[in-house]
Amino acid sequence: MSITNLLNNWSFYRNKRPYRGQYDLNKEYSEYKWAMALDLDICTGCNACTTACYAENNLPVVGKKRFHHGQVMHWIRIERYWDEKMVDFPEQGASFLPMMCQQCEAAPCETVCPVGATSHTNDGLNSQNYHRCIGSRYCSANCPYKVRYFNFWNYPSTAWPAPLPDQLNPDVTVRTKGIMEKCTFCVQRLNEAKSRARTEYRLVRDGEVVPACVQACPTSAITFGNIVDPNSKVAKMWKNQQVDLYKDLQEKDNTVRGYRILEDLRPFPSVMYMERIRDTEA
Amino acid sequence: MIHRLLAVLSFVFLCVGTASAEPLKWGGPIGSQTSDGYNALGPVVKQPIEFPHYRHARDMGISCLYCHTGARRGYVSVIPRIDKCIGCHQNIESVRNKPRIKKLFEYWEKKEPIPWKKVNDLPDYVRFNHERHVQRFYFRQNRPIREVCGYCHGDVANMTVDRRVKSLSMGWCISCHQKDHRENDVSMKTSHGPYECWQCHK
(Lines give C-alpha, C1' and ligand atoms only; values in the text may rest on other atoms or scores of the structure.)
Protein backbone atom coordinates (compact mmCIF):
# COMPACT_ATOMS: atom_id res chain seq x y z
CA MET A 1 0.00 0.00 0.00
CA SER A 2 1.56 3.20 -1.13
CA ILE A 3 1.13 6.53 0.60
CA THR A 4 -0.76 7.91 -2.40
CA ASN A 5 -3.13 5.00 -2.30
CA LEU A 6 -3.61 5.48 1.43
CA LEU A 7 -4.38 9.18 1.10
CA ASN A 8 -6.67 8.78 -1.89
CA ASN A 9 -8.71 6.06 -0.24
CA TRP A 10 -8.48 7.37 3.29
CA SER A 11 -12.13 6.79 4.13
CA PHE A 12 -11.83 3.17 3.02
CA TYR A 13 -8.83 2.38 5.17
CA ARG A 14 -9.98 4.53 8.07
CA ASN A 15 -13.17 2.54 8.48
CA LYS A 16 -14.49 1.41 11.78
CA ARG A 17 -14.82 -2.29 12.34
CA PRO A 18 -17.25 -3.85 12.63
CA TYR A 19 -19.86 -1.97 10.66
CA ARG A 20 -23.27 -3.19 9.62
CA GLY A 21 -23.26 -4.67 6.16
CA GLN A 22 -19.65 -5.70 6.43
CA TYR A 23 -20.76 -9.30 6.25
CA ASP A 24 -23.61 -9.80 3.88
CA LEU A 25 -24.72 -12.78 1.86
CA ASN A 26 -25.24 -10.62 -1.21
CA LYS A 27 -21.89 -8.91 -1.09
CA GLU A 28 -18.91 -10.50 -2.69
CA TYR A 29 -15.98 -11.68 -0.60
CA SER A 30 -17.70 -11.21 2.69
CA GLU A 31 -20.30 -13.90 2.65
CA TYR A 32 -18.45 -15.61 5.47
CA LYS A 33 -17.88 -14.56 9.01
CA TRP A 34 -16.60 -17.42 11.09
CA ALA A 35 -17.77 -17.46 14.67
CA MET A 36 -17.99 -19.78 17.63
CA ALA A 37 -20.37 -20.42 20.46
CA LEU A 38 -18.95 -22.15 23.49
CA ASP A 39 -21.20 -23.61 26.16
CA LEU A 40 -19.34 -23.64 29.47
CA ASP A 41 -22.10 -25.67 31.04
CA ILE A 42 -21.28 -28.57 28.74
CA CYS A 43 -17.50 -28.20 28.83
CA THR A 44 -15.92 -30.73 31.15
CA GLY A 45 -12.40 -29.36 30.88
CA CYS A 46 -11.07 -32.59 29.39
CA ASN A 47 -8.40 -30.86 27.26
CA ALA A 48 -9.30 -32.82 24.12
CA CYS A 49 -9.51 -29.55 22.19
CA THR A 50 -6.00 -28.60 23.25
CA THR A 51 -4.66 -31.99 22.23
CA ALA A 52 -6.40 -31.82 18.88
CA CYS A 53 -4.98 -28.37 18.30
CA TYR A 54 -1.47 -29.59 19.05
CA ALA A 55 -1.90 -32.32 16.46
CA GLU A 56 -3.52 -30.19 13.80
CA ASN A 57 -1.41 -27.07 14.01
CA ASN A 58 2.08 -28.47 14.59
CA LEU A 59 2.38 -27.07 18.06
CA PRO A 60 5.57 -27.99 19.91
CA VAL A 61 5.44 -29.57 23.37
CA VAL A 62 7.74 -27.34 25.38
CA GLY A 63 8.29 -29.34 28.56
CA LYS A 64 7.84 -28.60 32.21
CA LYS A 65 10.61 -26.06 32.67
CA ARG A 66 9.59 -23.85 29.78
CA PHE A 67 5.97 -24.18 30.79
CA HIS A 68 6.85 -22.63 34.13
CA HIS A 69 8.67 -19.86 32.30
CA GLY A 70 5.40 -19.08 30.57
CA GLN A 71 6.60 -20.22 27.17
CA VAL A 72 3.93 -22.81 26.55
CA MET A 73 2.49 -22.84 23.03
CA HIS A 74 -1.12 -23.99 23.40
CA TRP A 75 -3.31 -22.05 21.01
CA ILE A 76 -6.35 -23.16 22.96
CA ARG A 77 -5.97 -23.48 26.69
CA ILE A 78 -8.34 -24.58 29.41
CA GLU A 79 -8.47 -21.96 32.11
CA ARG A 80 -9.49 -23.13 35.55
CA TYR A 81 -11.44 -20.98 37.97
CA TRP A 82 -12.03 -21.84 41.60
CA ASP A 83 -14.41 -19.08 42.38
CA GLU A 84 -17.70 -20.87 42.65
CA LYS A 85 -19.38 -19.57 45.76
CA MET A 86 -20.98 -21.39 48.69
CA VAL A 87 -18.60 -24.34 48.91
CA ASP A 88 -15.02 -24.66 50.01
CA PHE A 89 -12.14 -26.04 48.06
CA PRO A 90 -12.29 -29.86 48.12
CA GLU A 91 -15.98 -30.10 47.26
CA GLN A 92 -15.92 -27.07 45.09
CA GLY A 93 -14.35 -28.26 41.87
CA ALA A 94 -13.07 -26.03 39.13
CA SER A 95 -15.04 -24.36 36.43
CA PHE A 96 -13.40 -24.46 33.05
CA LEU A 97 -13.11 -21.96 30.27
CA PRO A 98 -11.41 -22.88 26.99
CA MET A 99 -9.64 -19.79 25.75
CA MET A 100 -8.43 -19.38 22.19
CA CYS A 101 -7.90 -16.41 19.92
CA GLN A 102 -11.21 -14.58 19.89
CA GLN A 103 -10.70 -13.32 16.33
CA CYS A 104 -11.72 -9.82 17.37
CA GLU A 105 -13.32 -7.58 14.80
CA ALA A 106 -11.51 -4.52 16.13
CA ALA A 107 -8.46 -6.47 17.12
CA PRO A 108 -6.08 -4.67 19.46
CA CYS A 109 -3.17 -6.75 18.17
CA GLU A 110 -3.58 -5.61 14.57
CA THR A 111 -3.17 -1.93 15.18
CA VAL A 112 0.14 -2.23 16.98
CA CYS A 113 2.04 -4.56 14.65
CA PRO A 114 4.96 -2.52 13.31
CA VAL A 115 5.28 -4.59 10.13
CA GLY A 116 1.66 -5.40 9.35
CA ALA A 117 2.13 -9.10 9.93
CA THR A 118 -1.27 -9.43 11.48
CA SER A 119 -4.30 -8.15 9.64
CA HIS A 120 -7.93 -8.84 9.07
CA THR A 121 -9.20 -11.18 6.40
CA ASN A 122 -12.43 -10.65 4.56
CA ASP A 123 -14.09 -13.53 6.35
CA GLY A 124 -13.48 -11.93 9.70
CA LEU A 125 -10.41 -13.76 10.85
CA ASN A 126 -7.44 -12.12 12.43
CA SER A 127 -4.62 -13.43 10.28
CA GLN A 128 -1.06 -13.90 11.39
CA ASN A 129 1.56 -14.00 8.69
CA TYR A 130 4.55 -15.84 10.10
CA HIS A 131 6.93 -14.76 7.38
CA ARG A 132 6.39 -11.10 7.89
CA CYS A 133 6.56 -11.24 11.68
CA ILE A 134 9.74 -9.85 13.18
CA GLY A 135 8.96 -10.86 16.75
CA SER A 136 8.45 -7.49 18.34
CA ARG A 137 5.75 -9.03 20.59
CA TYR A 138 3.73 -5.84 20.63
CA CYS A 139 0.64 -7.78 19.60
CA SER A 140 0.96 -10.16 22.52
CA ALA A 141 1.37 -7.25 24.89
CA ASN A 142 -1.74 -5.61 23.53
CA CYS A 143 -3.91 -8.73 23.44
CA PRO A 144 -6.43 -8.57 26.28
CA TYR A 145 -6.97 -12.32 26.17
CA LYS A 146 -3.29 -13.26 26.15
CA VAL A 147 -3.76 -15.81 23.39
CA ARG A 148 -0.74 -14.99 21.27
CA TYR A 149 2.27 -17.21 21.75
CA PHE A 150 5.85 -16.42 20.99
CA ASN A 151 8.46 -18.92 19.82
CA PHE A 152 11.23 -18.31 22.30
CA TRP A 153 13.14 -21.35 21.11
CA ASN A 154 13.95 -23.00 17.85
CA TYR A 155 11.34 -25.72 18.21
CA PRO A 156 11.65 -27.28 14.73
CA SER A 157 15.06 -28.63 15.70
CA THR A 158 14.17 -29.78 19.21
CA ALA A 159 10.49 -30.51 19.62
CA TRP A 160 10.19 -33.28 17.05
CA PRO A 161 13.03 -35.81 17.18
CA ALA A 162 13.64 -38.20 14.32
CA PRO A 163 10.44 -40.06 13.40
CA LEU A 164 8.14 -37.34 14.69
CA PRO A 165 8.42 -34.83 11.81
CA ASP A 166 6.47 -37.37 9.74
CA GLN A 167 3.35 -36.62 11.73
CA LEU A 168 3.46 -32.88 11.14
CA ASN A 169 0.55 -31.40 9.26
CA PRO A 170 1.81 -30.36 5.82
CA ASP A 171 -0.89 -27.71 5.54
CA VAL A 172 0.50 -25.72 8.44
CA THR A 173 3.90 -24.08 8.57
CA VAL A 174 6.28 -25.23 11.27
CA ARG A 175 7.13 -21.98 12.97
CA THR A 176 10.66 -21.16 13.86
CA LYS A 177 12.29 -19.10 16.58
CA GLY A 178 11.39 -15.48 17.05
CA ILE A 179 7.90 -15.24 15.63
CA MET A 180 4.44 -14.89 17.06
CA GLU A 181 1.65 -17.35 16.49
CA LYS A 182 -1.94 -17.78 17.46
CA CYS A 183 -5.14 -19.73 16.88
CA THR A 184 -6.23 -19.51 13.27
CA PHE A 185 -9.67 -21.15 13.53
CA CYS A 186 -7.87 -23.83 11.47
CA VAL A 187 -7.73 -21.60 8.43
CA GLN A 188 -6.26 -24.42 6.31
CA ARG A 189 -9.53 -26.31 6.71
CA LEU A 190 -11.64 -23.23 6.08
CA ASN A 191 -9.79 -22.37 2.89
CA GLU A 192 -10.18 -25.87 1.57
CA ALA A 193 -13.89 -25.94 2.34
CA LYS A 194 -14.43 -22.55 0.76
CA SER A 195 -12.61 -23.63 -2.37
CA ARG A 196 -14.62 -26.83 -2.61
CA ALA A 197 -17.85 -24.92 -2.15
CA ARG A 198 -16.92 -22.37 -4.78
CA THR A 199 -16.25 -25.05 -7.32
CA GLU A 200 -19.76 -26.33 -6.72
CA TYR A 201 -21.34 -22.85 -6.98
CA ARG A 202 -22.50 -22.71 -3.39
CA LEU A 203 -21.57 -21.44 0.03
CA VAL A 204 -19.98 -23.62 2.66
CA ARG A 205 -22.75 -25.58 4.33
CA ASP A 206 -23.27 -25.38 8.04
CA GLY A 207 -21.19 -28.03 9.76
CA GLU A 208 -19.23 -28.82 6.62
CA VAL A 209 -16.02 -27.54 8.12
CA VAL A 210 -15.00 -27.29 11.74
CA PRO A 211 -11.68 -26.52 13.43
CA ALA A 212 -9.81 -29.34 15.12
CA CYS A 213 -10.94 -28.33 18.62
CA VAL A 214 -14.61 -28.48 17.64
CA GLN A 215 -14.13 -31.79 15.93
CA ALA A 216 -12.43 -33.28 18.98
CA CYS A 217 -14.79 -31.97 21.64
CA PRO A 218 -16.46 -35.07 23.14
CA THR A 219 -19.40 -33.15 24.57
CA SER A 220 -19.96 -30.81 21.61
CA ALA A 221 -19.50 -27.79 23.82
CA ILE A 222 -18.13 -25.75 20.92
CA THR A 223 -20.22 -24.79 17.92
CA PHE A 224 -18.57 -23.34 14.88
CA GLY A 225 -19.99 -21.87 11.76
CA ASN A 226 -20.70 -19.00 9.44
CA ILE A 227 -22.61 -16.35 11.34
CA VAL A 228 -23.65 -14.53 8.17
CA ASP A 229 -25.94 -17.40 7.29
CA PRO A 230 -28.99 -16.84 9.53
CA ASN A 231 -29.85 -20.53 9.39
CA SER A 232 -26.53 -21.78 10.68
CA LYS A 233 -26.46 -23.26 14.14
CA VAL A 234 -24.00 -20.74 15.47
CA ALA A 235 -26.00 -17.77 14.17
CA LYS A 236 -29.12 -19.11 15.84
CA MET A 237 -27.27 -19.55 19.11
CA TRP A 238 -25.92 -16.02 18.98
CA LYS A 239 -29.41 -14.73 18.28
CA ASN A 240 -31.02 -16.78 21.03
CA GLN A 241 -28.43 -15.55 23.48
CA GLN A 242 -29.01 -11.97 22.32
CA VAL A 243 -25.37 -11.44 21.46
CA ASP A 244 -24.83 -9.12 18.54
CA LEU A 245 -21.52 -9.05 16.71
CA TYR A 246 -21.75 -5.32 16.12
CA LYS A 247 -22.44 -4.25 19.69
CA ASP A 248 -20.14 -4.04 22.68
CA LEU A 249 -21.84 -4.19 26.07
CA GLN A 250 -25.38 -5.35 25.56
CA GLU A 251 -28.52 -5.23 27.61
CA LYS A 252 -29.84 -8.76 27.90
CA ASP A 253 -32.68 -10.60 29.58
CA ASN A 254 -31.92 -12.44 32.78
CA THR A 255 -32.76 -15.72 31.16
CA VAL A 256 -29.90 -15.82 28.67
CA ARG A 257 -26.39 -17.00 29.41
CA GLY A 258 -24.49 -15.69 26.42
CA TYR A 259 -21.69 -13.19 26.72
CA ARG A 260 -18.41 -12.34 25.11
CA ILE A 261 -15.32 -11.94 27.21
CA LEU A 262 -14.14 -8.39 27.89
CA GLU A 263 -16.85 -6.90 25.73
CA ASP A 264 -16.38 -3.55 27.41
CA LEU A 265 -12.93 -3.19 25.90
CA ARG A 266 -14.69 -3.10 22.51
CA PRO A 267 -12.59 -5.62 20.59
CA PHE A 268 -15.84 -7.22 19.29
CA PRO A 269 -14.71 -10.83 19.62
CA SER A 270 -16.14 -13.61 17.46
CA VAL A 271 -16.45 -16.18 20.21
CA MET A 272 -19.53 -16.26 22.39
CA TYR A 273 -19.42 -18.05 25.71
CA MET A 274 -22.44 -19.32 27.55
CA GLU A 275 -22.24 -18.95 31.28
CA ARG A 276 -22.08 -21.94 33.55
CA ILE A 277 -25.06 -22.35 35.84
CA ARG A 278 -24.75 -24.43 38.97
CA ASP A 279 -27.39 -25.06 41.53
CA THR A 280 -25.17 -24.53 44.56
CA GLU A 281 -28.05 -24.47 47.04
CA ALA A 282 -29.01 -28.06 46.52
CA MET B 1 32.13 -2.71 5.69
CA ILE B 2 33.02 -6.37 5.43
CA HIS B 3 29.35 -7.15 4.76
CA ARG B 4 29.21 -4.67 1.93
CA LEU B 5 32.38 -6.11 0.48
CA LEU B 6 30.95 -9.61 0.72
CA ALA B 7 27.73 -8.47 -0.91
CA VAL B 8 29.61 -6.92 -3.82
CA LEU B 9 31.78 -10.00 -4.20
CA SER B 10 28.82 -12.39 -4.16
CA PHE B 11 27.05 -10.20 -6.70
CA VAL B 12 30.05 -10.40 -8.98
CA PHE B 13 30.20 -14.17 -8.58
CA LEU B 14 26.48 -14.42 -9.31
CA CYS B 15 26.88 -12.43 -12.50
CA VAL B 16 29.80 -14.56 -13.62
CA GLY B 17 27.91 -17.72 -12.67
CA THR B 18 24.83 -16.87 -14.67
CA ALA B 19 26.85 -15.69 -17.62
CA SER B 20 28.68 -18.98 -17.88
CA ALA B 21 25.43 -20.98 -17.76
CA GLU B 22 23.75 -21.92 -20.99
CA PRO B 23 22.84 -18.95 -23.20
CA LEU B 24 19.58 -17.31 -22.21
CA LYS B 25 17.24 -17.18 -25.15
CA TRP B 26 14.55 -15.10 -23.52
CA GLY B 27 13.91 -13.62 -20.12
CA GLY B 28 16.21 -12.18 -17.52
CA PRO B 29 18.86 -13.96 -15.52
CA ILE B 30 17.81 -17.06 -13.63
CA GLY B 31 15.54 -16.36 -10.71
CA SER B 32 15.36 -12.67 -11.46
CA GLN B 33 12.21 -10.66 -11.57
CA THR B 34 11.55 -7.62 -13.66
CA SER B 35 9.26 -4.90 -12.41
CA ASP B 36 6.24 -6.47 -14.02
CA GLY B 37 7.34 -9.87 -12.78
CA TYR B 38 7.51 -11.50 -16.18
CA ASN B 39 10.47 -12.98 -17.99
CA ALA B 40 12.05 -14.74 -15.07
CA LEU B 41 13.55 -17.86 -16.47
CA GLY B 42 14.04 -20.75 -14.10
CA PRO B 43 16.94 -23.18 -14.02
CA VAL B 44 17.17 -26.06 -16.47
CA VAL B 45 15.92 -29.14 -14.66
CA LYS B 46 17.28 -32.46 -15.81
CA GLN B 47 14.48 -34.99 -15.72
CA PRO B 48 14.92 -38.79 -15.67
CA ILE B 49 13.10 -38.95 -19.00
CA GLU B 50 13.22 -36.02 -21.36
CA PHE B 51 9.46 -35.69 -21.55
CA PRO B 52 8.37 -34.01 -24.81
CA HIS B 53 5.52 -31.69 -23.82
CA TYR B 54 5.36 -30.37 -27.37
CA ARG B 55 4.63 -33.84 -28.75
CA HIS B 56 1.71 -34.39 -26.41
CA ALA B 57 0.19 -30.95 -25.96
CA ARG B 58 0.96 -29.29 -29.29
CA ASP B 59 1.25 -32.07 -31.90
CA MET B 60 -1.35 -34.38 -30.43
CA GLY B 61 -3.46 -31.61 -28.90
CA ILE B 62 -3.93 -33.40 -25.61
CA SER B 63 -5.41 -31.20 -22.88
CA CYS B 64 -3.12 -30.38 -19.98
CA LEU B 65 -5.84 -31.66 -17.66
CA TYR B 66 -5.72 -35.12 -19.19
CA CYS B 67 -2.49 -35.93 -17.38
CA HIS B 68 -2.38 -33.22 -14.70
CA THR B 69 -5.69 -34.34 -13.29
CA GLY B 70 -5.38 -32.65 -9.92
CA ALA B 71 -5.44 -29.17 -11.38
CA ARG B 72 -9.21 -29.00 -11.66
CA ARG B 73 -10.03 -30.40 -8.25
CA GLY B 74 -7.25 -29.75 -5.80
CA TYR B 75 -4.38 -27.68 -4.58
CA VAL B 76 -1.70 -29.55 -6.53
CA SER B 77 -1.91 -30.26 -10.22
CA VAL B 78 -0.38 -33.75 -9.90
CA ILE B 79 2.40 -35.24 -11.99
CA PRO B 80 0.76 -38.33 -13.47
CA ARG B 81 1.59 -41.79 -12.25
CA ILE B 82 3.45 -44.15 -14.51
CA ASP B 83 0.34 -46.21 -15.26
CA LYS B 84 -1.15 -43.14 -16.89
CA CYS B 85 1.76 -43.10 -19.37
CA ILE B 86 1.60 -46.83 -19.90
CA GLY B 87 -2.16 -46.78 -20.35
CA CYS B 88 -1.71 -45.02 -23.65
CA HIS B 89 1.76 -46.10 -24.66
CA GLN B 90 1.21 -49.84 -24.52
CA ASN B 91 -1.17 -49.34 -27.41
CA ILE B 92 1.07 -47.04 -29.44
CA GLU B 93 3.31 -49.47 -31.28
CA SER B 94 4.81 -46.86 -33.63
CA VAL B 95 6.92 -45.20 -30.95
CA ARG B 96 7.55 -48.31 -28.90
CA ASN B 97 11.22 -48.51 -29.85
CA LYS B 98 12.08 -44.85 -29.28
CA PRO B 99 14.71 -44.43 -26.55
CA ARG B 100 12.51 -42.39 -24.21
CA ILE B 101 9.67 -44.88 -24.43
CA LYS B 102 12.07 -47.73 -23.82
CA LYS B 103 13.20 -45.97 -20.68
CA LEU B 104 9.57 -45.53 -19.66
CA PHE B 105 8.90 -49.24 -20.02
CA GLU B 106 12.06 -50.01 -18.07
CA TYR B 107 10.62 -48.14 -15.10
CA TRP B 108 7.31 -49.89 -15.66
CA GLU B 109 8.85 -53.34 -15.67
CA LYS B 110 10.97 -52.57 -12.62
CA LYS B 111 7.73 -51.40 -10.96
CA GLU B 112 9.38 -48.15 -9.99
CA PRO B 113 7.94 -44.67 -10.11
CA ILE B 114 9.74 -42.21 -12.34
CA PRO B 115 11.65 -39.79 -10.11
CA TRP B 116 10.45 -36.59 -11.75
CA LYS B 117 11.90 -33.41 -10.36
CA LYS B 118 9.87 -30.36 -9.45
CA VAL B 119 10.08 -27.48 -11.87
CA ASN B 120 7.54 -25.02 -10.57
CA ASP B 121 8.38 -25.24 -6.91
CA LEU B 122 6.86 -22.85 -4.42
CA PRO B 123 8.18 -22.42 -0.89
CA ASP B 124 6.69 -24.76 1.69
CA TYR B 125 4.84 -21.97 3.45
CA VAL B 126 2.80 -21.13 0.38
CA ARG B 127 -0.23 -22.97 -0.82
CA PHE B 128 -1.24 -22.35 -4.38
CA ASN B 129 -4.68 -23.53 -5.33
CA HIS B 130 -4.75 -24.86 -8.90
CA GLU B 131 -8.43 -25.65 -8.62
CA ARG B 132 -9.56 -22.04 -8.18
CA HIS B 133 -7.66 -20.84 -11.22
CA VAL B 134 -8.64 -23.69 -13.52
CA GLN B 135 -12.26 -23.62 -12.39
CA ARG B 136 -12.57 -19.91 -12.97
CA PHE B 137 -10.70 -19.41 -16.20
CA TYR B 138 -11.23 -22.74 -17.93
CA PHE B 139 -14.56 -24.09 -16.75
CA ARG B 140 -16.43 -20.82 -16.19
CA GLN B 141 -14.92 -18.53 -18.78
CA ASN B 142 -14.11 -21.18 -21.35
CA ARG B 143 -10.69 -19.84 -22.14
CA PRO B 144 -8.39 -22.29 -23.93
CA ILE B 145 -6.63 -24.57 -21.48
CA ARG B 146 -3.18 -23.85 -22.86
CA GLU B 147 -3.78 -20.16 -22.25
CA VAL B 148 -5.12 -20.73 -18.74
CA CYS B 149 -2.19 -22.87 -17.67
CA GLY B 150 0.13 -20.56 -19.53
CA TYR B 151 -0.67 -17.61 -17.28
CA CYS B 152 1.71 -19.13 -14.76
CA HIS B 153 3.52 -21.90 -16.63
CA GLY B 154 4.27 -20.23 -19.92
CA ASP B 155 4.06 -21.94 -23.27
CA VAL B 156 4.70 -25.47 -22.05
CA ALA B 157 3.17 -26.89 -25.21
CA ASN B 158 6.20 -25.70 -27.14
CA MET B 159 8.73 -27.01 -24.64
CA THR B 160 10.32 -30.38 -24.34
CA VAL B 161 11.13 -30.58 -20.66
CA ASP B 162 9.18 -28.00 -18.69
CA ARG B 163 11.07 -24.99 -17.46
CA ARG B 164 9.88 -22.25 -15.18
CA VAL B 165 9.40 -19.07 -17.18
CA LYS B 166 7.55 -16.85 -14.73
CA SER B 167 9.11 -15.77 -11.47
CA LEU B 168 6.26 -17.18 -9.34
CA SER B 169 7.11 -14.69 -6.64
CA MET B 170 4.58 -13.04 -4.39
CA GLY B 171 4.81 -9.69 -6.14
CA TRP B 172 4.19 -11.43 -9.42
CA CYS B 173 1.06 -13.18 -8.08
CA ILE B 174 -0.23 -9.94 -6.61
CA SER B 175 0.38 -8.05 -9.85
CA CYS B 176 -2.37 -10.18 -11.39
CA HIS B 177 -4.61 -10.41 -8.33
CA GLN B 178 -4.78 -6.63 -8.05
CA LYS B 179 -6.06 -6.14 -11.56
CA ASP B 180 -9.76 -5.91 -12.16
CA HIS B 181 -10.88 -8.76 -14.37
CA ARG B 182 -14.27 -9.11 -15.95
CA GLU B 183 -16.15 -11.82 -14.15
CA ASN B 184 -17.53 -13.38 -17.30
CA ASP B 185 -18.06 -12.62 -20.93
CA VAL B 186 -21.63 -11.46 -20.45
CA SER B 187 -21.54 -8.97 -17.62
CA MET B 188 -19.29 -5.95 -17.32
CA LYS B 189 -18.88 -6.55 -13.60
CA THR B 190 -15.27 -6.83 -12.58
CA SER B 191 -13.56 -8.29 -9.59
CA HIS B 192 -10.03 -9.01 -8.57
CA GLY B 193 -8.42 -12.00 -6.97
CA PRO B 194 -8.13 -12.19 -3.22
CA TYR B 195 -4.98 -10.82 -1.72
CA GLU B 196 -5.24 -11.46 1.96
CA CYS B 197 -2.21 -13.10 3.56
CA TRP B 198 -4.03 -16.25 4.57
CA GLN B 199 -5.22 -17.06 1.07
CA CYS B 200 -1.76 -18.29 0.17
CA HIS B 201 0.41 -18.20 3.25
CA LYS B 202 -0.20 -20.97 5.70
Side-chain angles (χ1 to χ4, degrees), chain A residues 1-2 5 27-32 34 56-58 101 103 110 113 115-133 156 165 168-176 179 181-202, chain B residues 35 65 68-78 118 121-142 148 168-175 177-184 186-202:
Chain A
M1 185 170 65
S2 68
N5 185 10
K27 230 179 103 189
E28 209 185 355
Y29 291 131
S30 54
E31 60 276 85
Y32 297 108
W34 305 110
E56 171 76 17
N57 290 307
N58 300 340
C101 176
Q103 314 287 357
E110 287 173 11
C113 181
V115 290
T118 175
S119 58
H120 227 69
T121 65
N122 283 324
D123 43 0
L125 296 179
N126 172 236
S127 72
Q128 171 74 20
N129 192 346
Y130 306 125
H131 322 97
R132 181 157 285 204
C133 178
L168 292 174
N169 185 355
D171 291 335
V172 182
T173 308
V174 178
R175 283 82 52 184
T176 183
I179 53 149
E181 58 186 64
K182 67 179 251 310
C183 162
T184 63
F185 272 8
C186 287
V187 70
Q188 66 279 6
R189 297 183 177 201
L190 303 182
N191 275 350
E192 206 186 314
K194 276 200 298 185
S195 172
R196 197 166 51 225
R198 244 187 133 140
T199 302
E200 294 169 14
Y201 292 89
R202 60 177 171 86
Chain B
S35 60
L65 295 179
H68 300 286
T69 47
R72 66 181 168 85
R73 58 182 175 205
Y75 276 78
V76 287
S77 70
V78 177
K118 276 198 101 169
D121 198 7
L122 289 174
D124 287 347
Y125 50 82
V126 175
R127 74 187 130 211
F128 173 81
N129 196 339
H130 276 92
E131 179 188 6
R132 288 270 55 77
H133 296 83
V134 173
Q135 286 290 341
R136 169 165 181 174
F137 293 117
Y138 180 62
F139 287 105
R140 301 215 175 145
Q141 303 198 334
N142 286 321
V148 173
L168 306 186
S169 66
M170 181 173 131
W172 177 78
C173 295
I174 291 288
S175 74
H177 272 231
Q178 272 183 331
K179 280 181 209 149
D180 280 335
H181 301 280
R182 277 175 63 191
E183 284 190 347
N184 52 51
V186 186
S187 84
M188 291 304 287
K189 207 180 153 201
T190 61
S191 66
H192 59 74
Y195 45 91
E196 322 162 340
C197 308
W198 266 357
Q199 284 294 335
C200 311
H201 287 277
K202 58 189 185 185

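Throughout, protein chains are lettered first and strands after them, A, B, ... in sequence-line order, and every chain is numbered starting at 1.
- Interface check for chain A: of the options B:Gln135, B:Arg132, B:His201, the most heavy-atom pairs under 4.5 Å are formed by B:Arg132.
- By the 30° and 60° cut-offs, the orientation of the rings of B:Phe128 relative to B:His133 is parallel.
- For B:Tyr75, the part sitting under 4.5 Å from any heavy atom of chain A is the side chain, from C-beta outward, and nothing else.
- Salt bridge status for B:Glu131 with B:Arg73: absent, with no side-chain N to carboxylate O gap under 4.0 Å.
- For a residue to count as touching a neighbouring chain, one of its non-hydrogen atoms must lie under 4.5 Å from one of that chain's; by this rule A:Ser195 touches chain B with backbone and side chain alike.
- Side-chain contact between A:Cys186 and A:Asn57: present, with at least one pair of heavy atoms (C-beta onward) separated by less than 4.5 Å.
- Of the residues considered (A:Val172, A:Leu125, A:Val174, A:Asp171), A:Asp171 shows the highest number of contacts with chain B, using heavy-atom pairs under 4.5 Å.
- The existence of a salt bridge linking A:Asp123 and A:Lys194 is confirmed by a sub-4.0 Å separation between a basic side-chain nitrogen and an acidic carboxylate oxygen.
- Contact check for A:Asn126 versus A:Phe185: no side-chain heavy atoms found under the 4.5 Å cut-off.
- With a 4.5 Å cut-off on non-hydrogen atoms, A:Asn58 does not touch chain B at all.
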